[in-house]
A.B. asks: 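One structure, pasted below without further comment.
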Amino acid sequence: DTGVSQNPRHKITKRGQNVTFRCDPISEHNRLYWYRQTLGQGPEFLTYFQNEAQLEKSRLLSDRFSAERPKGSFSTLEIQRTEQGDSAMYLCASSLRGGTREDNEQFFGPGTRLTVL
Amino acid sequence: AQKITQTQPGMFVQEKEAVTLDCTYDTSDQSYGLFWYKQPSSGEMIFLIYQGSYDEQNATEGRYSLNFQKARKSANLVISASQLGDSAMYFCAMREGRLGTGNQFYFGTGTSLTVIP
């Protein structure tokens, strides 16, 4: 397994358009996370899945954002009616569920850079 | 209030010297986890070290150690014997709540470390 992959790596869109990003986690990982990172800031937590269940969603997350993980494997993050403020790097991470210290490690993908014109 | 505070926007260290990156956190949960990540200029997030709130010993991973002072709510990262490849952004992060119960994750704003030859 080559790690967490994200597609596309870059996306340029016009304001008002919908965009969808895909994340493929490490195959045996059942936890999946989405983050957003803007320039000069730390990642901002968006949402978290355990298998196909979305267990946590940031209170800051607009209703224009929706995420799915239909079969507990890959996940998609959709942003509807994009705004210029949505321009950021969108990061996906995955981890194992378990009781060991190592299970706390989140493996991050390379990110999708979104630019809204 | 900020959940994670990193007060050092930038730090410099001489190669082979040790450096401490500061992190304080704010939570009322009894169970939480603290993390440090490294983000080189290439952009990928790399997990460095984890400390659980109930862990009595400070976490260590090779040249990285976490100075956990629970009463002061601080989780400083110590890098020993700095190397040129350690130059990067370093983020402190916290998971609130017990692992697996639906968690919120918070990242600090980061510290940019530059190792001087």
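As the structure is a computational prediction, the values presented were derived from the model and not from experiment.
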A.B. asks: Can you tell me how far apart CD (Q37(A)) and CD (Q39(B)) are? Round to the nearest 0.5 Å.
C.D. replies: 4.0 Å
A.B. asks: Identify whether F74(A) and F65(A) are in the same connected component of the hydrophobic contact network (ILVMFWY, side-chain heavy atoms under 4.5 Å).
C.D. replies: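 No.
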A.B. asks: Answer yes if Y90(B) and L84(B) sit in the same cluster of Ile, Leu, Val, Met, Phe, Trp and Tyr residues linked by side chain heavy atoms under 4.5 Å apart, and no otherwise.
C.D. replies: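 Both belong to a single hydrophobic cluster.
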A.B. asks: Among F47(B), F35(B), Y50(B), find the one that has a side-chain contact (heavy atoms from CB on, under 4.5 Å) with E105(A).
C.D. replies: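 It is F47(B), the one option of F47(B), F35(B), Y50(B) that forms the side-chain contact (heavy atoms from CB on, under 4.5 Å) with E105(A).
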A.B. asks: I want to check something: taking the side chain as every heavy atom from C-beta on, are R95(B) and Y48(A) in contact at a cut-off of under 4.5 Å?
C.D. replies: no
A.B. asks: For P43(A), which of F107(B), Y106(B), Y37(B) qualifies under side-chain contact (heavy atoms from CB on, under 4.5 Å)?
C.D. replies: F107(B)
A.B. asks: Assess whether atom CD of E15(B) is packed by more than 12 heavy atoms of other residues, nucleotides or ligands within 6.0 Å.
C.D. replies: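 Above 12, so yes.
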A.B. asks: Would you find more than 12 non-hydrogen atoms of other residues, nucleotides or ligands less than 6.0 Å from R63(B) atom CZ?
C.D. replies: yes
A.B. asks: Are more than 12 heavy atoms, taken from residues, nucleotides or ligands other than L117(A), located less than 6.0 Å from that residue's CG atom?
C.D. replies: yes
A.B. asks: Can you get from M11(B) to L77(B) by hopping between Ile, Leu, Val, Met, Phe, Trp and Tyr side chains that sit under 4.5 Å apart?
C.D. replies: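 M11(B) clusters together with L77(B).
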A.B. asks: For residues 1-10 of chain B, which residue pairs pass the side chain to side chain donor-acceptor pair (under 3.5 Å) check, not counting sequence neighbours?
C.D. replies: K3(B)-E96(B), Q8(B)-D22(B)
A.B. asks: If you count heavy atoms of other groups shown closer than 6.0 angstrom to NZ of K70(B), is the number above 12?
C.D. replies: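 Counting neighbours around NZ of K70(B), more than 12 heavy atoms of other residues, nucleotides or ligands fall under 6.0 Å, so yes.
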A.B. asks: Answer whether the closest heavy-atom distance between the side chains of Q106(A) and F105(B) falls below 4.5 Å.
C.D. replies: yes
A.B. asks: Which residues in residues 108-117 of chain B have a heavy atom less than 4.5 Å from any heavy atom of chain A?
C.D. replies: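 G108(B), T109(B), listed by number.
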